[in-house]
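Structure first, commentary second.
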There are 2 protein chains.
Amino acid sequence: MPRSANALYKHFTDTILQVFRANGQLIGWGDRFAAPFELTSARWQMLGALALAAQPLTAPQIASSMGVTRQGAQKQLNLLTEEGLAVRLANPHHKRSPFYLLTESGTALYRRIDDEWNRHVAEVSGAFSAEDLAITVRTLARINELHPLDDEGGEQ
Amino acid sequence: MPRSANALYKHFTDTILQVFRANGQLIGWGDRFAAPFELTSARWQMLGALALAAQPLTAPQIASSMGVTRQGAQKQLNLLTEEGLAVRLANPHHKRSPFYLLTESGTALYRRIDDEWNRHVAEVSGAFSAEDLAITVRTLARINELHPLDDEGGEQ
DNA sequence: CCTCCATTGACAACCGGTTGCCGAATTGGG
DNA sequence: CCCAATTCGGCAACCGGTTGTCAATGGAGG
């Protein structure tokens, strides 16, 4: 949105606007993709986070690994647990903060949707070059590390 | 999330996950940035859409230009109108679908936040190269054009 | 052992997006 | 000219994220 003409500024702002748009697009896509598995985008993401975790994780750990708040992750974890896809496991270090693991059916479901996902990606990813995607990932990661929230805006 | 090892697949999936994370990050950032102006991220975006429009636009036109639904755009437009930042203008072509324009105060507010935004971008964009940002924009745009929703997943 | 502080989960409220439905206006075909 | 289909705004419900508050747990220091 800048009125100034600098190309870097424009690309920066454009990137942000495209992120917003891509986010909406991808959530819609993910929901449609996950629907046949009785999942939503959000539950699928959480399923993946649990499936790929090297060790059992607590809710706050999962939240921070996904970049969302503790409560946001907890909401999905509670739902997955209700649906029998995840279970709580007593955490010896923290009586109040259990580990979450996938159940058998959670693991099986993840495997099914992940297989289908890979098939899908195979059809679609041909339109992209690995280099461009790598640069995109790196650039977005840099944006994510950047938290210019601290007080530079500071007229508050 | 793929279990398969292909680098392109991995980068594709990683891109998606980074988009989700960047979206959350940027909304949080935008909200903090806009708060001193009594705006939210969403209202700021809508303000920008109106400010930069070449001609007066109707709600459905704005919605499609922003990549959101008609109702989502309408909600923000109604709020901006209530707040006196935008006004409805009779549309000769569509009696029920007025144009939306910024008011004087809406324009002034946009100018203020945009100036501050450009100052902010100047501080932050040094960490990025114009080329990487351009590639990122292009890649995200390609994702946005891609709607693999149609029926390829098709086990529904 | 006790106290203070950080962490955690539950709960409620809110925000911004979605979908779905409805009624009114507009449009286009017969 | 009329009638059906589309477009549009309003409303309600839901989803997934946020924040804030609260009580309970855990840990560290006196």
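Here the structure is a predicted model, which is why all the values come from computation and not from measurement.
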Tabulate atom names and distances for all N/O pairs under 3.5 angstrom spanning the protein and nucleotides 14-16 of chain C.
from: C:dG16; atom 1: OP1; to: B:Thr40; atom 2: OG1; distance (Å): 2.6

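The backbone N or O of B:Thr58 lies less than 3.5 Å from a partner atom in the side chain of B:Gln61, making a donor-acceptor pair.
Here the side chain of B:Arg70 is nearest to one of C:dT26, C:dC21, C:dG9, namely C:dC21. Among D:dG9, D:dT7, C:dT8, the nucleotide with an atom closest to any side-chain atom of B:Pro98 is D:dG9. Each of C:dG17, C:dG9, C:dG20 was ranked by its minimum atom distance to the side chain of B:Gln71; first place goes to C:dG20.
If you take CD of A:Gln45 and P of D:dG17, they are 7 Å apart, rounded to a whole angstrom. With rounding to whole Å, B:His94 atom NE2 is found 19 Å from C:dA24 atom P. C:dG17 atom C1' lies 14 Å from atom CZ of B:Phe20, rounded to whole Å. In this structure, CG of B:Asn23 is placed 12 Å from P of C:dT18, rounded to the nearest angstrom. Atom CG in A:Leu57 sits about 12 Å away from atom P in C:dT8, given to the nearest Å. Spacing between atom CZ of A:Arg21 and atom P of C:dT18 amounts to 11 Å, rounded to whole angstrom units. Atom CD1 in B:Ile27 sits roughly 9 Å away from atom C1' in D:dG17 (whole-Å rounding). Separating the CG atom of A:Leu26 from the P atom of C:dT18 is a distance of 14 Å, rounded to the nearest angstrom.
Contact between the side-chain N/O atoms of B:Asn78 and the OP1/OP2 oxygens of D:dG9 is not found at any separation under 4.0 Å. For the pair A:Ser97 and C:dG9, the criterion of a side-chain N or O lying under 4.0 Å from OP1 or OP2 is met.
Hydrophobic clustering (side-chain heavy atoms under 4.5 Å, transitive across Ile, Leu, Val, Met, Phe, Trp, Tyr) keeps A:Val137 apart from A:Leu52. Cluster annotation: A:Ile135 is not connected to B:Leu133 through the hydrophobic network of ILVMFWY side chains, with a link wherever side-chain heavy atoms come within less than 4.5 Å.
Contact annotation for A:Thr69: base contact, defined as any heavy-atom pair under 4.0 Å involving a base atom.
Of all heavy-atom pairs spanning B:Gln18 and A:Ala141, the tightest one is NE2-CB, 3.9 Å.
Judged by distance alone with a 3.5 Å cut-off, a donor-acceptor contact links the side chain of A:Arg96 to the base of C:dT8.
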Using the ring pair (Phe, Tyr, Trp, His ring centres under 6.0 Å) rule, take B:Trp44 and B:Trp29 through it: C-alpha gap first, then chi angles, then the decisive distance, then the call. CA-CA 12 Å; B:Trp44 174 22; B:Trp29 177 18; 8.7 Å; no
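Between B:His120 and B:Trp117, the ring-plane angle classifies as parallel under the 30° and 60° cut-offs.
The one candidate from B:Leu101, B:Leu57, B:Thr107, B:Ile62 that meets the side-chain contact (heavy atoms from CB on, under 4.5 Å) condition with B:Leu50 is B:Ile62.
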